[in-house]
Each structure stands twice: as C-alpha cells, then as structure tokens.
Amino acid sequence: MGRFLALFNGAADEADKAGLTEQQQTDLMNAWAAWAQANESALVDPGAPLYGKKLVTAQSVEDFTDNLIAYAIVEADSHDEAVRIFSGHPHLGLFAGNSIAVLACPPPPV
C-alpha cells in the first residue's frame with residue numbers, strides 16, 4: 001500500500017470564480033462530499049484549501065501565488081489506482097483546464 005499526494009490545480013481566474021452561483025458552489029461541495037464518501041477507505045487526509053503561501057529560501061521569506069488550490073492524501077495499491085481515485089473528482093469538471101497532480105510519497109529511507 002502506497003501513499004499519494006494529490007495537488008489540485010485551479011484554472012479559473014478571479015472573474016470565473018466570482019461568476020459561480022451559490023447553487024453551483026453548493027452542487028460542487030455536495031459532489032465533492034459524495035466523492036469523498038465513495039473513496040473514504042482510501043482517504044488518509046481529505047485535504048483542505050491552500051492559502052497564505054510563503055516561499056522560504058536561505059535568504060528570505062516571500063509571499064507567492066500559484067494555481068495550487070487544495071490537496072488530499074490517499075493510500076492505494078499502486079500509482080495507477082491512486083490516479084483512478086482522482087480521475088472522477090468533481091474538481092476536474094468545474095472549470096476548463098482544472099487538473100489534479102497525483103504524486104507518489106514513498107516512505108523515507110531508513
């Protein structure tokens with residue numbers, strides 16, 4: 001069993017997001033909850049939005065922006081199985097260009 005990190009990329013600009021109706025937002029949250037319930041046995045961490053981003057280097061700390069909007073963590077028998085879990089996620093259909101990166105997180109070497 002492996003652990004996999006999913007990073008949700010949002011393609012919408014501020015105008016697109018502002019154009020969502022309350023009903024569309026409610027429908028998305030309900031679809032997201034249904035997806036989470038259907039995949040409950042695989043979810044290690046159902047995730048959360050990503051806000052307040054800071055880039056830390058040896059020289060400084062800076063605010064930054066990117067298209068990453070949320071994360072989730074699942075356990076699956078293979079990378080392909082983890083990808084299958086996210087392939088039907090409602091995030092993918094909300095805005096054209098939305099995507100989910102699925103990264104393998106192997107245990108650290110001993």
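Fair warning: this is a prediction, and the values are worked out from it, not measured in the lab.
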Taking a hydrophobic cluster as the set of Ile, Leu, Val, Met, Phe, Trp and Tyr residues connected by side-chain heavy atoms closer than 4.5 Å, whether directly or through intermediates, do [X] and [Y] fall within one such cluster?
X	Y	answer
L68	I100	no
L50	L5	yes
V83	L7	no
L20	M29	no

Inset, instruction - Applying side-chain contact (heavy atoms from CB on, under 4.5 Å), name anything that partners T21, two or more places apart in sequence or on another chain. - result: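 Partners of T21 under the side-chain contact (heavy atoms from CB on, under 4.5 Å) test: Q23, Q24.
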State, yes or no, whether a side-chain contact exists between [X] and [Y] at a heavy-atom distance under 4.5 Å.
X	Y	result
F4	I85	no
N9	N98	no
F95	D13	no

Which atom pair, heavy atoms only, marks the closest approach of [X] to [Y]?
X	Y	value
R3	E75	NH2-OE2, 3.1 Å
F86	A6	CZ-CB, 3.3 Å
A72	P46	CB-O, 3.7 Å
G10	H91	CA-CE1, 4.3 Å
A36	L43	O-CD1, 3.6 Å
A11	A96	CB-O, 3.3 Å

Inset, instruction - For side-chain contact (heavy atoms from CB on, under 4.5 Å), just list the numbers for W32 and L94, CA-CA rounded to whole Å, side-chain angles, deciding distance to a tenth of an Å, and then say yes or no. - result: CA-CA 11 Å; W32 198 308; L94 184 60; over 6 Å; no
Legend entry - Side chain H79, main chain V102, donor-acceptor under 3.5 Å: yes
Legend entry - Short side-chain to backbone donor-acceptor contact, D45 and I73, under 3.5 Å: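 The answer is no, because no donor-acceptor pair under 3.5 Å joins these two groups.
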Legend entry - Straight-line distance of K17 NZ to Q25 CD, nearest 0.5 Å: 11.5 Å
Inset, instruction - Output the distance between atom NE2 (H89) and atom CG (N39), rounded to the nearest 0.5 Å. - result: 8.5 Å
Legend entry - D63/K54 salt bridge by N-O under 4.0 Å criterion: yes
